[in-house]
There are 2 protein chains.
Amino acid sequence: MKIFIDWISQPSRAVVTYCLIENIPHEIIQVRVNALEHRKPEYIQINPSAKVPAISDRLENGEIFNLFESHAIMRYLADRYNKFKLYPKDNIQLRALINSYLDWHHNNTRKCGAYLFDLYSSGVLGIKPKNNIETLYKEIEIILKFIDQIWLQEGKNKFIGNNIQLTIADISCYCEVSQMIIDSYDFKNKTPNLYNWMKRIEQIPEIQQTHQILFKLAPKMSQNKIKPNL
Amino acid sequence: MKIFIDWISQPSRAVVTYCLIENIPHEIIQVRVNALEHRKPEYIQINPSAKVPAISDRLENGEIFNLFESHAIMRYLADRYNKFKLYPKDNIQLRALINSYLDWHHNNTRKCGAYLFDLYSSGVLGIKPKNNIETLYKEIEIILKFIDQIWLQEGKNKFIGNNIQLTIADISCYCEVSQMIIDSYDFKNKTPNLYNWMKRIEQIPEIQQTHQILFKLAPKMSQNKIKPNL
């Protein structure tokens, strides 16, 4: 099974972290977004939405099955390889809470990426920020507080949406919020429960492994900050 | 099992349509968004994200299980009531394609709602449109074309993402795109495969039943169109 990723992409890191924790055999193929490799015709054949990650899986009958959207990929790999440690199937309420977080993620947590792109990459790439940065920042503060207070129940939940176990919801959430270190977001004082959760998640060796490049790039990227009013 | 909905909400209509097709017993409780009932403290207890739909399910042990996010609700009800007609579990590739569409939906198809709100409701409510309407319209044209060409494979797929059967992906997609009738979107000429699919989906009695209010309101709402440049 081939995974097409860019290490700078949050959902790419989530899928690779998932495969490492669940011991799912995979071959990583890098698709460099900055070099516009995600828009090449041969990649569009695999993922028509021109985003990373995607997978290409050879089935038993020889057919090639392509799939995009990181959450769908993780759910599929659970079924395909019979691995339910991070996406349990017997506790249907727990699975429902994981799905609830994963669906909520798209229009909430995911905004961290849009914010950081506008603030740190748009200037370098010579693109006008797509969003009003102040408005987006205020939204992100509300979103991170919601994770702190609701998904982590003010610290009573050890994991996203539950107090039972680490799941793909934690993996997806961590890969997105961890990026806010580029902006030196003050998790410790603003969202202490989220901060404590992040510290716990960072202990996971597979998370360390997939975030090496982000942690290395973060100080460099933070130098490219544009003035929000530009 | 109680479902909290507003008939004007696309994801609410999706969950009710799903329950009707799968014969899942439910009690509908209306939460009128225009009357701000979704922000009342008693509803926030059920759904802290202050949106519709949500469900409140009494479990065998007497506990109450609350859940929000329409796709997570449909997936949960499939497990809870052992109903896999619209979300098959034995064909894991088909299930993966359904999930891929459902995840893609959030940041794509769902924009129809934002566009229609800005264009037809913001003026009535005295709110400044949140988005640049022209930009959003262009995005929606690309999104609807993507559904037409990729999810429906230019008509080779009878259903969203597959040619095998109707699924929750069709239900969710239809509830969102059907709203574009308020804007008299020319599906027939711009996206003929999507148009043909819509005509087929509209034959489903449960879809007819849950869209009565939309079909009745659409002509009235379309009169409230604001000038995009305002």
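Lettering follows sequence order; numbering is per chain, from 1.
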Exercise: identify the closest heavy-atom pair between B/H106 and A/N107
O-ND2, 3.2 Å
I need the minimum non-hydrogen distance between A/A96 and B/A72, along with the two atoms involved.
O-CB, 4.1 Å
Indicate the ring-plane relationship of A/F146 and B/F68, choosing parallel, tilted or perpendicular according to the 30° and 60° boundaries.
perpendicular
Within 6.0 angstrom of B/K190 NZ, more than 12 heavy atoms from elsewhere
yes
B/E42 atom CD: more than 12 heavy-atom contacts under 6.0 Å:
yes
Other residues, nucleotides and ligands only: do more than 12 of their heavy atoms fall within 6.0 Å of NZ on B/K83?
yes
Exceeds 12 heavy-atom contacts within 6.0 angstrom, atom NZ of A/K158:
no
With respect to chain A, which residue among B/R110, B/H71, B/K89, B/Q93 yields the maximal number of heavy-atom pairs within a distance under 4.5 Å?
B/Q93
More than 12 heavy atoms of other residues, nucleotides or ligands under 6.0 Å from NZ of A/K138: yes or no?
no
Heavy-atom count around B/K51 NZ within 6.0 Å, excluding the residue itself: above 12?
no
Within-4.5 Å side-chain heavy-atom neighbours: B/Y76 and A/L97
no
Please determine, among A/D57, A/I92, A/D79, the option with the most heavy-atom pairs under 4.5 Å with chain B.
A/I92
Below 4.5 Å from any heavy atom of chain A, which atoms of B/S49 appear? Answer side chain, backbone, both or neither.
both
Under 4.5 Å to a heavy atom of chain B? For A/S70 that would be neither
Side chain to side chain contact (heavy atoms under 4.5 Å, CB included) between A/D103 and B/R75, worked out
CA-CA 11 Å; A/D103 286 326; B/R75 290 182 180 110; 3.1 Å; yes
Quick one: are B/N99 and A/E69 in side-chain contact, heavy atoms under 4.5 Å?
no
